[in-house]
Amino acid sequence: MRNILVTGGCGFIGSNFIGYWLKKHPKDKIINLDKLTYAGHLSSTKAFSELKNYKFVKGDICDEKVVDRLMKGVDIVVHFAAESHVDRSIKDPNVFIKTNMLGTANLLNFALKHNVKRFHHISTDEVFGELPLGKGKFDEKTPYDPRSPYSASKASSDYLVRSYYHTFGLPITISNCSNNYGPYQDTEKFIPRMITNIMKGDPVLIYGDGKYVRDWLFVEDHVRAIELIIKKGKIGETYLVGGQTKDVNNLQIAKIILKIFGKDFKSNIKFIKDRPGHDRRYAVNWVKINKELGWKPKHNFDKWLQKTVDWYIKNEWWWGDMKKVSEKFYAKR
Ligand code: NAD
Ligand code: DAU
């Protein structure tokens with residue numbers, strides 16, 4: 001039996017992680033510390049919220065008292081909590097600096113104080129900046145070059161986590177993952193926004209020329225990578241985690257999703273103002289985690305994108321109110 005503190009477990013990846021972990025490791029105990037920001041949804045924890053070995057605590061990772069109390073007796077910390085949306089970081093960088101940098105520092109301090117056996121930090125491929133179209137991939141040796149307040153705050157948190165390993169010997173691991181898709185992703189992110197716009201009879205909104213490339217990965221593949229790193233990863237190491245989509249751009253994804261709904265492409269897309277500093281392309285070389293830990297992405301993009309669309313069609317109860325919050329934010333963007 002292990003005591004695990006998960007931060008941000010009411011968000012997209014955190015809730016998928018807890019659901020997966022408790023099924024596979026029913027003897028473990030999980031405490032989920034989440035502030036329930038606009039991106040945190042108790043409804044995402046419905047499948048496991050009644051389990052005896054699961055406990056939810058509403059609180060802020062920046063709060064010293066709460067973190068000190070919860071960290072006592074914890075074996076493993078899995079740190080997802082963050083402000084995660086690039087567009088919001090352009091509107092209001094401060095909250096990103098506070099949660100992603102100061103919040104991570106607070107967790108590190110108390111993980112050290114209470115001698116946790118593993119601090120796993122969830123990070124992003126965006127810390128590496130952008131790649132040109134069609135050329136190159138990020139790997140563990142790529143220098144950091146973050147270009148948005150979001151990615152800069154995540155890069156800073158990665159540096160802090162590493163510094164606690166080198167300076168204080170805190171047993172850490174880090175994973176930097178590419179774009180996830182799947183159930184329970186907030187409707188402000190690209191794929192759920194497209195699906196729910198189409199369901200509401202609205203056009204799909206494309207930033208700039210739409211020729212931006214992301215390395216899409218089904219969320220359960222990310223969760224499996226985290227599980228493997230926690231079990232077999234080497235202390236102090238960073239692992240990159242990515243997909244198998246081979247340079248599919250935003251326009252091509254819009255085309256696939258519109259086709260699933262039986263809608264014409266040209267008459268259902270609308271080009272809108274681009275994101276300032278929009279990173280052109282991300283692509284991840286995941287050879288290290290494949291060779292050392294035996295991980296690879298299992299979920300085929302076309303099949304699991306279709307399943308993700310089906311999930312949103314069946315679960316309007318989950319996203320209906322959230323959609324209003326997302327579009328209220330976008331109206332002022
Ligand atoms: P999300 O925005 O869906 O969820 C974030 C969660 O953190 C929410 O439940 C929110 O309430 C909580 N939170 C925010 N501030 C908090 C605070 N101060 N204290 C406690 N809880 C707080 O994010 P996500 O997409 O699930 O991403 C989770 C992690 O994975 C983030 O660290 C993100 O940087 C990283 N990541 C995300 C992706 C992706 O494609 N979504 C890819 C790579 C890495
Ligand atoms: O690469 C990992 C990152 O992926 C994570 O670290 C972030 O937390 C996560 O939000 C995601 O960042 P992106 O900025 O890539 O994701 P987003 O869903 O915001 O946008 C994906 C692409 O779609 C990007 O090129 C912008 C574009 N876009 C987005 C929206 C919301 C559109 O063209 N139209 C839209 O309406």
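One-based numbering, in listed order, for ligands and for the atoms of each. Starting from 1, each residue takes its place in the sequence as its number. These numbers come from the heavy atoms of this one structure, side chains and all, not from hydrogens, waters or symmetry mates.
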I'd like the name of whichever of Val57, Asp34, Thr104 reaches closest to atom 12 (C) of ligand 1 through any heavy atom. Asp34

Given Glu126, Lys211, Met194, Gln185, which one has a non-hydrogen atom that is nearest to atom 13 (P) of ligand 2? Glu126

For ligand 1, note which part of Tyr150 has a heavy atom under 4.0 Å away: side chain, backbone, both or neither. side chain

Per-residue contact class, Phe190 against ligand 2 - non-hydrogen pairs under 4.0 Å: both

Compute the centroid of each ring, for His278 and then for Tyr212, and state whether the two points are separated by less than 6.0 Å. yes

Heavy-atom proximity to atom 2 (C) of ligand 2, best of Asp186, Asp125, Val284: Asp125

Using the six-membered ring wherever Trp is involved, compare the ring planes of Tyr312 and Trp319 and label them parallel, tilted or perpendicular (cut-offs 30° and 60°). tilted

Mind checking whether Asn250 has an N or O less than 3.5 Å away from an N or O of ligand 2? yes

For ligand 2, which is the ligand I care about here, please tell me if Cys177 has any N or O atom under 3.5 Å from one of the ligand's N or O atoms. no

Would Gly9 count as a contact residue for ligand 1, given that I'm defining contact as a non-hydrogen atom of the residue lying under 4.0 Å from a ligand atom? no

Are any of the N/O atoms in Asp87 less than 3.5 Å from those in ligand 2? no

Is there a heavy atom in His278 that sits closer than 4.0 Å to ligand 2? yes

Answer yes or no: is there a side-chain heavy-atom contact under 4.5 Å between Met71 and Leu5? yes

Please work out whether any backbone atom (N, CA, C, O) or any side-chain heavy atom from C-beta onward of Lys189 is under 4.0 Å from ligand 2, and answer side chain, backbone, both or neither. both

Of Phe271, Tyr207, Tyr330, Tyr150, which has the heavy atom at the shortest distance from atom 5 (C) of ligand 2? Tyr150

Ligand 1 versus Asn176: contacting region, heavy-atom distance under 4.0 Å: neither

Quick check: Leu205 and ligand 2, any N/O pair under 3.5 Å apart? yes

Among all protein heavy atoms, pick the one closest to atom 20 (C) of ligand 1 and tell me residue, atom and distance. Lys35 N, 3.2 Å

Can the ring centres of Phe271 and Tyr207 be said to be less than 6.0 Å apart? no

Quick one: look at Glu188 and ligand 2, take heavy-atom pairs under 4.0 Å, and tell me if it's side chain, backbone, both or neither. backbone

N/O separation below 3.5 Å, Tyr212 to ligand 2: no

Any idea how Phe17 and Phe80 line up, ring-wise: parallel (<30°), tilted (30 to 60°), or perpendicular (>60°)? tilted

Taking heavy atoms and a distance under 4.0 Å, where does Ser178 meet ligand 1: side chain, backbone, both or neither? backbone

Have a look at Gly210, Ser84, Gly208 and point out the one with the heavy atom closest to atom 8 (O) of ligand 2. Ser84

